[in-house]
Amino acid sequence: MQPNQHEANRWIVDKIIEWYQAHKRDLPWRHTQDPYLIWLSEVILQQTRVKQGLPYYQRFVEAYPTVDSLAAAPDEAVMRLWQGLGYYSRARNMLATARYIVEQLGGEFPARYADLLKLKGIGKYTAAAIASFAFDEDVAVLDGNVYRVLARIFGIEEDIASPQAAKTFGSLAQALLPKGQAALYNQAMMEFGAVQCPPQKPLCLYCPIQQTCEAFRRSMQQELPVKKSKVKVRERFFYYAIFQSGEQIALRKRTGKDIWEGLYDFYLYETPTEASEEAVL
DNA sequence: GTCCGGAAAG
DNA sequence: CTTTCCGGAC
């Protein structure tokens, strides 16, 4: 890093925070420092867009305004409220954790990142979100938005799906965090990513940090962040029937959008799983 | 159809 | 390390 890099970084962070204060969306969980409500919102938002999660959050807060009320709720009632959100194990983990907090921790929400991390259904992201939003612990969140914003600003071409990237981006995000302003910084980074610097069509033309953005300078907004799409391997089972008449063997031209398009092969019977000889015949 | 995403499980 | 869980956007 250049000697003035620290200053440049501080400038970038200040600009993003300034942008956040002017453009942030008014969302209900931004008006509370209650760790329970922040946790609730984060679990819902983990797998859901704000627009879709909002009504669920409102219904949960209405039905279960405290960790005690959630802990006392019947399983079916919670699952019913969760219906439509998907990833149902998260609702189950949330309920189990609420009960654990009430029964084992005297209803006291853990206040530190390291302790939050031990709870069921709370991983690095959610632990950092609660620790910073509710308790202002100086721990940086790392979510898809943060990855994207950092990859673009600094022109980082590391594959964000790799575990190694978590270290690179994690230490960078942590280094950028202004001490004592974790909640503000984290929310600003994520909101900036969601609104100003989305995956498609980032709003570079009126971006406050355009002048220091590597992706903009190199016109790489669409290429960053780099995410190696996992080529999913599918097993296919081909059983060929060979029809022979004298010297001639029947072949068939392959059509349609598939492997070997336009090429010839024998008459084919395909199964998604391995089939026995009897089944094929 | 493809891609996306936190945490847990494998 | 990779895969799985779900529903929505496109």
Side-chain angles (χ1 to χ4, degrees), chain A residues 29 35 38-57 59-60 75 78-98 100-101 110 113-134 139-152 158-170 173-174 186-187 189-195 197-202 221-236 255-259 261 270 272-273:
Chain A
W29 46 85
I38 289 166
W39 171 54
L40 180 61
S41 73
E42 290 302 337
V43 173
I44 291 172
L45 261 36
Q46 268 167 19
Q47 68 264 18
T48 312
R49 309 251 181 312
V50 167
K51 187 179 188 312
Q52 196 211 351
L54 190 53
Y56 283 87
Y57 174 78
R59 290 196 286 270
F60 265 93
D75 292 33
V78 171
M79 297 313 288
R80 208 180 310 125
L81 261 193
W82 193 266
Q83 217 169 90
L85 273 180
Y87 289 105
Y88 293 90
S89 66
R90 292 167 194 231
R92 287 190 290 272
N93 284 339
M94 184 172 77
L95 189 48
T97 291
Y100 174 81
I101 289 171
Y113 174 79
D115 295 323
L116 289 161
L117 207 46
K118 297 174 189 160
L119 301 173
K120 222 180 215 177
I122 296 186
K124 287 179 173 181
Y125 167 76
T126 308
I130 299 171
S132 62
F133 300 171
V139 52
V141 296
L142 250 200
D143 75 344
N145 291 310
V146 177
Y147 274 114
R148 185 172 58 258
V149 169
L150 294 180
R152 284 177 175 165
E158 197 171 332
D159 171 21
I160 63 166
S162 75
Q164 181 55 39
K167 296 183 179 179
T168 306
F169 286 85
Q174 193 64 33
N186 280 332
Q187 306 219 50
M189 290 292 284
M190 292 193 288
E191 187 76 345
F192 185 81
V195 176
C197 195
Q200 306 298 327
K201 302 183 182 170
Q221 298 96 315
Q222 283 311 312
E223 281 68 52
L224 295 174
V226 173
K227 193 171 352 173
K228 287 218 173 47
S229 55
K230 37 194 173 259
V231 268
K232 40 197 135 188
V233 178
R234 176 172 52 123
E235 279 196 287
R236 302 174 67 172
T255 57
K257 251 184 101 160
D258 198 4
I259 53 169
E261 185 181 345
E270 180 180 355
T273 55

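Here is the naming used below: chain letters follow the sequence lines, and residue numbers restart at 1 for every chain. Predicted, not measured: the structure shown is a model, and the values here were computed from it.
Distance, K51(A) NZ to dA9(C) C1': 12 Å, rounded to whole Å. In this entry the distance linking CG of L85(A) with P of dG7(C) reads 9 Å, nearest Å. In this structure, CG of L54(A) is placed 20 Å from P of dG7(C), rounded to the nearest angstrom. Regarding Q83(A), its CD atom lies at a distance of 19 Å from the P atom of dC5(C), rounded to whole Å. As a whole-Å value, the separation of Q164(A) CD from dC1(C) C1' is 13 Å. To the nearest angstrom, C1' of dG7(C) lies 14 Å from CG of L45(A). Straight-line distance from the OH atom of Y56(A) to the P atom of dC6(C): 14 Å, rounded to whole Å. The CZ-P distance, from R92(A) to dT4(C), rounds to 17 Å in whole Å.
Although no hydrogens or angles enter the test, the distance criterion places a donor-acceptor pair under 3.5 Å between the side chain of T97(A) and the main chain of K120(A).
Annotation: side chain of I160(A) is not in contact with side chain of V226(A) (no heavy-atom distance under 4.5 Å). When side chains are defined from C-beta on, F60(A) counts as touching M94(A), because their heavy atoms get closer than 4.5 Å. The shortest side-chain heavy-atom distance between M189(A) and N145(A) does not fall under the 4.5 Å cut-off. The side-chain heavy atoms of M79(A) and R92(A), taken from C-beta on, include a pair separated by under 4.5 Å.
With hydrogens and angles left out, the side chain of Y87(A) and the base of dG7(C) share no donor-acceptor pair within 3.5 Å.
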Chi angles and distances behind the ring pair (Phe, Tyr, Trp, His ring centres under 6.0 Å) call for Y57(A), W29(A): CA-CA 9 Å; Y57(A) 174 78; W29(A) 46 85; 5.1 Å; yes
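Residue K227(A) has a polar side-chain atom (N or O) positioned under 4.0 Å from OP1 or OP2 of dG5(B).
Under 3.5 Å, the side chains of T126(A) and E42(A) contain no donor-acceptor pair of N or O atoms.
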Tabulate atom names and distances for all N/O pairs under 3.5 angstrom spanning the protein and nucleotides 7-10 of chain B.
from	atom 1	to	atom 2	distance (Å)
dA7(B)	OP1	G123(A)	N	2.7
dA7(B)	OP1	G123(A)	O	3.3
dA7(B)	OP1	T126(A)	N	2.9
dA7(B)	OP1	T126(A)	OG1	2.5
dA7(B)	OP2	K124(A)	N	3.0
dA7(B)	OP2	Y125(A)	N	2.9
dA7(B)	O5'	G123(A)	N	3.3
dA8(B)	OP1	G121(A)	N	2.3

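Backbone-only engagement by Q52(A) is indicated by non-hydrogen atom pairs under 4.0 Å involving sugar-phosphate atoms exclusively.
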